[in-house]
Participant: 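First, the structure itself, so that you have it in front of you.
Chain letters run A, B, ... following the sequence lines, proteins first, then strands; residues in each count from 1.
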Amino acid sequence: AQKITQTQPGMFVQEKEAVTLDCTYDTSDQSYGLFWYKQPSSGEMIFLIYQGSYDEQNATEGRYSLNFQKARKSANLVISASQLGDSAMYFCAMNGNNDMRFGAGTRLTVKP
Amino acid sequence: AAGVIQSPRHLIKEKRETATLKCYPIPRHDTVYWYQQGPGQDPQFLISFYEKMQSDKGSIPDRFSAQQFSDYHSELNMSSLELGDSALYFCASSSPEDRGRDTQYFGPGTRLTVL
């Protein structure tokens, strides 16, 4: 069975600084995908970034980058130059057969 | 770019009533997924459809059913509603051009409140 663990219920970061949100996973699959989603207070789930298990390079999408350490089974999200609009819930997820398994989420608050 | 559309956005029902949630995937997306997110919880997978056939089933109660139609839109039918069904219900879709990766793009959700 697949499992996603996010150990940080809440994080604070100063505006313009970088922040790392932790995610570890457990799976017996050889091929898998890891995703990060952002959920603002309005409720929608916004896709941020994807990392494939066979990708050799860490994924990057604008200010988002994924620190993928396969041997440690970790896929931490790094947000650079934090903005007030980054305040939201962030979910790490892994795709299984046909579904997405989510971690418990980390609530990020960006302070001005 | 077009996104996943869900309707209604908000729904209030009484216990034991029925509800139907609708989902219109991103154009040319052929796979639809339904999730339930309780207050303060992460989304839980309910059911998915690929090319109008059920492809996977998660923690969907027997009181719920769903289907995908020929135009790829999907409906989640919920009967004998219980207080515990109050949640945010997401639909997501993925593209046949994204096989292997299967990035799921989520709709805005339907917030169901059962009184």
Participant: Please state whether the side chain, the backbone, both or neither of A/Y37 comes within less than 4.5 Å of a heavy atom of chain B.
Facilitator: side chain

Participant: Would B/E82 and B/R63 pass as an ion pair if we require N to O under 4.0 Å?
Facilitator: yes

Participant: I'd like to know which of A/A104, A/G43, A/G33, A/G105 tops the heavy-atom pair count under 4.5 Å against chain B.
Facilitator: A/G43

Participant: For B/Q41, is it the side chain, the backbone, both, or neither that has a heavy atom closer than 4.5 Å to a heavy atom of chain A?
Facilitator: backbone

Participant: Regarding B/S55 and B/S48, is there a side-chain donor-to-acceptor distance under 3.5 Å anywhere?
Facilitator: yes

Participant: Applying the salt bridge (Lys or Arg N to Asp or Glu O under 4.0 Å) criterion to A/D26, which one of A/K3, A/R72, A/K73 satisfies it?
Facilitator: A/K73

Participant: Would you mind checking if B/D30 and B/K52 are paired as a salt bridge, meaning a charged N to carboxylate O distance below 4.0 Å?
Facilitator: no

